[in-house]
Amino acid sequence: CFLTQGLTWGMRFLCGVLIARGLGPVGRGELTLAMWVPSLFQALFYFGLGEASISLLNRRDYSRRDVVGSLNVLALLLLAIGGFFYFSLSPWILKGLNHQLPQELYQQAFWLFPLPLLWAYWSANLLALGKVIEVNWGRVIHQGTLLVFVLIWFLWLSGQTDMVLWAFISGAAAEIVFVVILLRRQIPFALAWNSSVIRQQLHLGGQVTLANWLDFFSRRLD
């Protein structure tokens, strides 16, 4: 665990230094905004389903296949709704950002909404199965892929914010593939509609979301 966290931190630090030197203040600002918007959508549409699935996977009266399959169905529904608002609200979001984020980067950054969201759901399933080290190695793969692409960009394509954004997307995609392979070895990976499981996931997820938002606002008030 210490090894994986050390590798992740070291590669993240190196990527940060290279990106800051290669992009400069303007490009770094664009990249920050491009990554902030999908992270906001991820926070809004996560809905605590990862924690809900952890709880249900450890209950004997629920099939693990149904829990994962129902989670996948809910994930697709939330991604579809989130994607609709992401693009339909783009004129107002970009206006709110004072048009400091180019529309092309905004559209490209969309992939940083579904990929981390799915990772959060599926890695929670792995954590519920006790695969903590494996999830940590996924983080290493993420940062390693990002570092490789950033090094290529820094040597030959310096100054292009869109290429750095693709590097982040590639790192997230590589980690997702790794997590899916691990999860499929543990539980049949498919779509399932189990109304009882879905109700429990929404109920527990709603409680987690409410607690998180109350904690967030109470800290801001303090």
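Each residue takes its place number in the sequence, starting with 1. Side-chain atoms are counted along with the backbone in the values below, which use heavy atoms only and exclude waters and symmetry mates.
Side-chain heavy atoms closer than 4.5 Å link hydrophobic residues (I, L, V, M, F, W, Y) into clusters, and following such links, possibly through other members, connects L191 to L57. One hydrophobic cluster holds both L33 and L94 under the rule that ILVMFWY side chains link at heavy-atom gaps under 4.5 Å. Using a 4.5 Å cut-off between side-chain heavy atoms of Ile, Leu, Val, Met, Phe, Trp and Tyr, with links allowed through other members, I19 and V17 fall into different hydrophobic clusters. Hydrophobic clustering, with ILVMFWY side chains joined whenever heavy atoms are under 4.5 angstrom apart, groups L44 together with L118. If you chain together hydrophobic residues whose side chains sit under 4.5 Å apart, V208 and F47 never meet in one group.
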Problem - Evaluation steps, side-chain contact (heavy atoms from CB on, under 4.5 Å), between M11 and L14 - result: CA-CA 5 Å; M11 289 187 289; L14 183 56; 5.6 Å; no

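Taking the side chain as every heavy atom from C-beta outward, P38 and W111 never approach each other to under 4.5 Å. Here the side chains of L147 and L18 are in contact, with some heavy-atom distance below 4.5 Å. L56 is not listed as a side-chain neighbour of L71, based on a closest heavy-atom distance of 4.5 Å or more. Counting heavy atoms from C-beta outward, E104 and D162 have side chains that stay 4.5 Å or more apart. The shortest side-chain heavy-atom distance between Y86 and I93 does not fall under the 4.5 Å cut-off. Between L7 and W137 there is a side-chain heavy-atom pair separated by less than 4.5 Å. The closest side-chain heavy-atom distance from L117 to Y46 is below 4.5 Å. No side-chain heavy atom of N136 sits under 4.5 Å from any side-chain heavy atom of T8.
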Can you list, pair by pair, the side-chain donor-acceptor contacts under 3.5 Å of residues 192-204, counting residues two or more places apart and other chains?
{"residue": "N194", "atom": "OD1", "partner": "S196", "partner atom": "N", "Å": "3.1"}
{"residue": "N194", "atom": "OD1", "partner": "V197", "partner atom": "N", "Å": "3.2"}
{"residue": "N194", "atom": "ND2", "partner": "D66", "partner atom": "OD2", "Å": "3.1"}
{"residue": "Q201", "atom": "NE2", "partner": "V67", "partner atom": "O", "Å": "3.0"}
{"residue": "H203", "atom": "NE2", "partner": "Q207", "partner atom": "NE2", "Å": "3.3"}

Sequence neighbours left out, cut at 3.5 Å: what donor-acceptor pairs do the side chains of residues 163-188 make with other protein atoms?
{"residue": "S170", "atom": "OG", "partner": "W166", "partner atom": "O", "Å": "2.8"}
{"residue": "E175", "atom": "OE1", "partner": "R139", "partner atom": "NH2", "Å": "2.6"}
{"residue": "E175", "atom": "OE1", "partner": "H142", "partner atom": "ND1", "Å": "2.7"}
{"residue": "E175", "atom": "OE2", "partner": "W119", "partner atom": "NE1", "Å": "2.9"}
{"residue": "E175", "atom": "OE2", "partner": "R139", "partner atom": "N", "Å": "3.3"}
{"residue": "E175", "atom": "OE2", "partner": "R139", "partner atom": "NE", "Å": "2.8"}
{"residue": "E175", "atom": "OE2", "partner": "R139", "partner atom": "NH2", "Å": "3.2"}

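Atom CZ of F87 has more than 12 neighbouring heavy atoms from other residues, nucleotides or ligands inside a 6.0 Å radius.
The distance between the ring centers of W153 and F149 does not fall below 6.0 angstrom.
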